[in-house]
Structure formats: structure tokens, C-alpha cells
Amino acid sequence: MPSDTAPLPEVLAGPILRRLSAERLVIWLVGSRPLAPSLMLHPVGHTPRRLTLNDSRLRRLPLGRDAWLHLIDVRLDTPLPRGVRIDYDLKLPGEAGSTGIADWAPHLLHEGATHPSFVLAERHGRLMHGSCRRPHHEGADGLVRADAWLAERRDSPEAWPAWLLMTGDQVYTDDVAGPMLVAIHALIRRLGLFDETLEGATVADSQALYADPASYYRREALLPEAESSEKVRKGFFGGARKPVFTSANAHNHLMSFAEVIALYLLAWSPTPWRLVNLEAPALDETHAERFRAERAVIERFAAGLPAAARVMAHLPSLMIFDDHDITDDWNLTADWESTAYGHPFSKRIIGNALLAYLLCQGWGNDPERLAAPLDDAAALLERAADQAGWLPAGEQDAVLERLLRFQGWEVEVEGDPKLVILDTRTRRWRSERSPTRPSGLMDWEALSELQQNVMGAASVVIVSPAPMFGVKLIETIQRLFTLAGRPLLVDAENWMAHRGAASVMMNIFRHSRTPGHYVILSGDVHYSFAYDIHIRHRREGPRLWQITSSGVKNAFPDTLLDWFDRLNRWLYAPRSPLNWLTQRRRMVVSPRDPDRAKAGERLWNGAGIGLVELDAEGRPSDIRQLDARGFDVRFPPPPGKDEAETD
């Protein structure tokens, strides 16, 4: 049992490598107090460097009494070399001398190593990508598999991926296991994470929330309902009682800012688990049995965290939200938005999750682009530190209001090929036909900006959390539910669900001045697949590849996906009338069959992480899924045009 009086570890989570280049290093870290580290860099074959992290290079933000976020942003006058392993360390001064990562986070070192390291790739020729990491999914963790793969190539820097692309649902704030929620509350108490008042809730503040009998497995009773949501409930759920939040697993939906921060710490680092225990709260027998089953899964998840943290300490990472980072069906329809943002408590819940995303994910993608919202957040947190650990309600609401209106979450990284990460959640194209119909994933202005950003590039990698080209049968089912007025029941979020957004996106691909090669990396759907795509009757490009890897720790129900896969092949075969009737824009889609799948299967169902290698022209030369069970699944090119599906 952890002691509440034992000294806290100096570092609670991290370092996590974020946006790295030869001229700039961005690193994320959380400590139990304000730290004054120095950064050591030792490129193999080059002179070591020691960098003092002064206030221009290190920003410290309070998250609670004993929790401090450290945002390291170092610009280098002398660029670092590319293509070689660069060992690094963060030295912490102490009374007995300085200590390094090997002392305070030895789990971050590969076997036989004395320091963690990174490689600055010459080009974006190898990319690791994945989404949907749900801690209480029973499967293994794809980040653990990624770490094992990287450890085997520790002495081969040319084999390291240029980026670890985390393409959505890095955390599940809306779907939390009971034991994880117990750990979250224990960590909040141990670190004194900031409290807050809760306007419009049935509980007065965060402390009352944590103590409420409905706080475990019955949080849907605490989630807000607004009078304006009656029409939405009748339309989407046949009049059944439904909270503003639409997750089917909202029994432990996180609500406070402190809860979401604690979830990030527990999802990304093994160290906070030493500060908590998983003793069950008072539960009825049904929930107590569920708690016991979930505890076994969560304990296995925690056991894999040293490896997961290690891979994030070795590979530079870029991250983008999808819905579960905030809440299920986030901004799915105009009616959803008006209902959720029209209630002060639901708006606070969404804002709290987005604020935590800014601090834990968004900032590291592009510190300059996120400078204004970060300054806003810093002022709020510093006020809380001055007010006995309570976030000032009026200022918190004002900060969250501005954050919810912020535009600038998308990411661009110049290189070969250019890398563009899309925000498909906050700049949506609302349906002009009905506020209950799904919104387009990006509005006209955002899509126009995308076209300008890729104009003139020879090739580009686009990260779209949801696949641009998905499984036709599943998209058809979503369309049918949408026509019946119930898009929330089937997560009807795909690019083709909104005619305007789909049309503009297709026109971007067809434009003569946009890239000849597009590689689209996606997640979201909880299965993996790859398509080769080209536009018919066009001798000169563009060529497109849709590569989907999902989930890192999640999967689709096996039997259901098997039936979807079979029916999709039968109903949308190349010569099928149904396929002809559902053509999109004279495109030929050629599915790649996974080499370990049964005959004819095109969808791979298994937790893991994707790996794609690109040739000198930006075309995929190798597509594979590193399955979390310890083997590779390759997606070889389709054998010929006879297998192609006209889309």
C-alpha cells in the first residue's frame, strides 16, 4: 500500500519527445515540484553538449500542490546531426549531486543503454502510426510492441521511424474503467491536483463529485440534461432518457480538469502507479464483480507502461485529438453542439478535456502556434496556485470559452514528403439540410487552407483521424441510420457522410497543381486496412493510398467485423450493381489483403501499431501492422486490376 507521507518522486511522467528538429527540441515532462534540469546531448561520433534550461527554454506550470508541468523548448544555434543516434539526459541538481534519467527513470533505458536516445531522420521515409489506446481493452498494448520493435534496432539509427504519429483517442476521457477511476481519484488526492466549482451540476464542486455515491459506474446520473436536449433525445434515441453526452460507456465519464490530468499521467507513465492503490469503493455485487474483472486488465496495462513510456522517450511524436480525447461524438451534429454547449456543466466538461489536451498533447505539436492559448491556460493555473488550489470559476469559464473557439490545432511539418495533420473536430461543415444530420469533418474554409498548404508539393502525407476512404458497407449502414434520424447510434462520422465536404476533398485530389502522391494515415475504426487508389481516365496521377491502423489498444468485435468484411466483399464486388450505384467520383480502389488474414479478408482485427515505409517519391514501399501479440502483418500490393473495386 503506498504511503501518503512517503517522499514523492521528482519526476512523475516523461520525458516525452515531441516535435524535434536539428534546430529545435520540444520535450514534455511532469514533476512533483518545480525542477531546474540541464539537458545533455551526445550525438554518436560528435562532441557532447550541455544546455542550461533557463526561463526562455523551460516553462513551469502548476497543476496542483505537488504536480508541475515542464514544457521544454530549446532552440539550437548549432544544428544537431541527422541520421545518427543522439543520446540525451536531463540532469536534476540535488544535495548529493546531480541525478539523471538512469537514476530517476531507469525504465526509460533499453537493456544495456546508459541513456535514452533519439534520431533525427534525414526524411519522412518511415512513419509509425496508430490510434485508439483504451486501457481496459483486454488486448495487449501496441506501444509495448513498438518499444520491442525499436529495441531490436537500437544500433541501426537508419531504421528508426522519423515520427510516432498518434492519430486520435490517445486517452478515453468518456470511457474509464472503475479501477482506473479509483487510481485517478487517489492520484488527485496524493498530488493535490486543483479543485473547481461546478455550475449547473447536481454536485457543488469537484470534491463533492469525487465523494458522491454515483461517482462510480453511475455517472450518467450526474451528467447534465438540458431542456433544449428533449428534441435531440427524441430524434436520436426514440424518446429514451439520455444525458447530453452520448457515449454508450459514460458510466465513469471524467468531468473535472484534475481527473483528466490524472488520466494522462496514469496512461503515459508507470511512476504514478506507485502512488495509488486499486482498492474497490463501496459497490453493489454487480459492479463489484465488474470492478474485479477490470482490475486484472488495468493491472496488465500498468505493467506494460515502462515499455510504452520508453518508446515515447525515444521517438519524436505528433498527436491529434479525435472524439474520445474529449467525449464520444464530439461535434457530430449541429444539434449535438447546441445541446452540449448550451449547458454550463457539459460545456465545462468538454472544455476541461480540451484544456488538458492543450497541455498534454497540443502544445508539443507546435509551441508557437499554441502560444496564445497556452498563455491563457498558464494565467488560470497560476491563479489557482495562489487561491489555495481552486480554479477561479469565472476565469476558468472564460479561458475555456476562448479555447473552444480557438482555430489552429492542425499541424504542418515540412520535409520529404510534407506532413499535414488535420483537425477534423473543431472546424466542421454543419449540415445545411438538417441540424440532426452529421456535419462534414472539415468546413469549406479549412479544406481550402488544406489545398493551399499542399499546393506544389511533390508528395504529401496526410493524417486524417477518420479514414477518407472507408469500408463501403459500414458507411452505408451509417447513412441508413442517418436517414432514420439516428446518426449517434452508429457514430456516423466519415468523410462521405457530408456531400459538400466529400466533394471538396475529392476536388483537392483531382486538382492539377496538388501533389501527385498522397498517403493518408488514419485510425478511429478499431481495425486496420490499406487501399491503393487512383482516378480513372487520368494517365498522370494523382495516386493515393489510404492506410488505417487502429487501435493501439482496442479492436472491433471479431464476429461482427468478420461478417461486415464478408458482406462488403459480396455486395460491393467490382461487377456488382450495388457497387456501380454507389460510385463516388470515378475512382478505382484496390484493397490490399493482409498476408496473415484468411482467404479474401481485407480487414485486420487486432491491437497493434502501424508502420509504413515510403520510397524516394513518397509512395509506400512497405505497409505493415506491428500486431501487439508479437508478429507483423504486411499489406502487399494488390495483384492486379481484376481485384480492384470501382468506387
Side-chain angles (χ1 to χ4, degrees), residues 4-18 25-40 50-75 88-105 108 116 187-196 257-258 260-262 264-266 268-272 274-275 309 312-313 355-356 358-364 367 370-371 373-392 395-396 399:
D4 287 344
T5 59
L8 288 168
E10 287 189 294
V11 176
L12 298 168
I16 293 177
L17 302 181
R18 299 304 318 277
L25 305 178
V26 176
I27 302 172
W28 182 94
L29 182 83
V30 175
S32 60
R33 60 178 179 83
L35 304 173
S38 57
L39 177 62
M40 310 293 294
R50 182 187 183 104
L51 303 173
T52 301
L53 300 182
N54 53 28
D55 290 345
S56 66
R57 292 172 165 176
L58 170 61
R59 190 165 190 176
R60 305 172 186 87
L61 302 181
L63 301 172
R65 182 191 64 237
D66 296 311
W68 287 78
L69 178 61
H70 294 68
L71 303 177
I72 300 171
D73 185 1
V74 178
R75 295 178 183 271
Y88 75 96
D89 204 353
L90 286 168
K91 293 287 190 179
L92 302 179
E95 295 180 0
S98 64
T99 57
I101 293 175
D103 302 303
W104 45 262
L108 296 181
L187 193 62
I188 289 172
R189 291 191 299 270
R190 186 68 176 91
L191 301 179
L193 299 183
F194 291 146
D195 279 307
E196 61 188 282
F257 173 68
V260 186
I261 288 295
Y264 274 104
L265 298 178
L266 292 163
W268 285 354
S269 174
T271 305
R274 306 204 308 257
L275 309 177
M312 291 194 288
L355 178 60
L358 165 70
L359 300 174
C360 298
Q361 298 194 56
W363 170 84
L370 277 297
L374 183 68
D375 288 344
D376 225 10
L380 172 66
L381 296 172
E382 288 161 3
R383 283 282 305 278
D386 293 338
Q387 296 189 10
W390 283 80
L391 294 163
E395 188 172 341
Q396 183 180 4
V399 168

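In this chain, residues are counted from 1 in sequence order.
- Interatomic distance, D376 CG to L370 CG, rounded to the nearest 0.5 Å: 12.0 Å.
- In summary, of the residues considered (V30, L90, L92), a side chain to side chain contact (heavy atoms under 4.5 Å, CB included) with L35 occurs for L92 alone.
- Atoms CZ and CD, from R60 and E382 in turn, are 12.0 Å apart once rounded to the nearest 0.5 Å.
- The minimum heavy-atom distance linking A262 with I188 is given by the pair CB-CG1, 4.2 Å.
- Between P272 and L266, the shortest heavy-atom distance links the atoms CB-CD2, 3.9 Å.
- The closest donor-acceptor contact from the side chain of S269 to the backbone of T271 lies under 3.5 Å.
- Minimum heavy-atom separation, L381 to P62: CB-O, 3.3 Å.
- One N or O on the side chain of S32 and one on the backbone of P9 form a donor-acceptor pair closer than 3.5 Å.
- Side-chain contact between I27 and L17: present, with at least one pair of heavy atoms (C-beta onward) separated by less than 4.5 Å.
- Considering only heavy atoms from C-beta on, P373 stays 4.5 Å or farther from V399 through its side chain.
- At least one donor-acceptor pair under 3.5 Å links the side chain of R65 to the backbone N or O of R190.
- R18 contributes a side-chain N or O that, together with a main-chain N or O of Q361, makes up a donor-acceptor pair within less than 3.5 Å.
- Q396 places no side-chain N or O within donor-acceptor distance of the main-chain N or O of E196, the cut-off being under 3.5 Å.
- D386 places no side-chain N or O within donor-acceptor distance of the main-chain N or O of R383, the cut-off being under 3.5 Å.
- Summarising the geometry of L29 relative to P15, their closest heavy-atom pair is CD1-N, 3.6 Å, with the distance given to 0.1 Å.
- L391 contributes atom CG, which lies 7.0 Å from atom CZ of F257 (distance to the nearest 0.5 angstrom).
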Report task. Give the C-alpha distance, both sets of side-chain angles, the deciding distance and a yes or no for side-chain contact (heavy atoms from CB on, under 4.5 Å) between F194 and I261. Result -> CA-CA 10 Å; F194 291 146; I261 288 295; over 6 Å; no
Query raised in the report: Should L69 and R59 be marked as a side-chain contact (heavy atoms from CB on, under 4.5 Å) after you check the CA-CA gap, both sets of side-chain angles, and the distance that decides it?
Result: CA-CA 8 Å; L69 178 61; R59 190 165 190 176; over 6 Å; no
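- Here the CG atom belonging to L187 is positioned 12.0 Å from the CZ atom belonging to R274, to the nearest 0.5 angstrom.
- Counting heavy atoms from C-beta on, the side chains of P367 and L71 never come closer than 4.5 Å.
- Residues satisfying the ring pair (Phe, Tyr, Trp, His ring centres under 6.0 Å) test with W28, not counting sequence neighbours, are W268.
- The number of heavy atoms from other shown groups lying within 6.0 Å of CG (N54) is above 12.
- Of all the heavy atoms in L53 and S38, the pair that sits closest is CG-CA, 4.4 Å.
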Requested in this report: Would you sort out whether T99 and E10 count as a side-chain contact (heavy atoms from CB on, under 4.5 Å), showing the intermediate values?
Outcome: CA-CA 11 Å; T99 57; E10 287 189 294; 4.3 Å; yes
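- For L108 against G14, the heavy-atom pair with the smallest separation is CD1-O, 3.7 Å.
- A distance of 5.0 Å separates CE of M40 from CZ of R50, quoted to the nearest 0.5 Å.
- Taken from CG in L25 to CD1 in I72, the straight-line distance is 9.5 Å, to the nearest 0.5 Å.
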Query raised in the report: Are L191 and L63 close enough, and set up right, to give a side-chain contact (heavy atoms from CB on, under 4.5 Å), and what steps lead you there?
Result: CA-CA 9 Å; L191 301 179; L63 301 172; over 6 Å; no
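- No donor-acceptor pair under 3.5 Å is formed between the side chain of D89 and the backbone N or O of K91.
- Residues C360 and I16 are not in side-chain contact: their nearest non-hydrogen atoms beyond the backbone lie 4.5 Å or more apart.
- Side chains of L374 and L359 form a contact here, defined as non-hydrogen atoms less than 4.5 Å apart.
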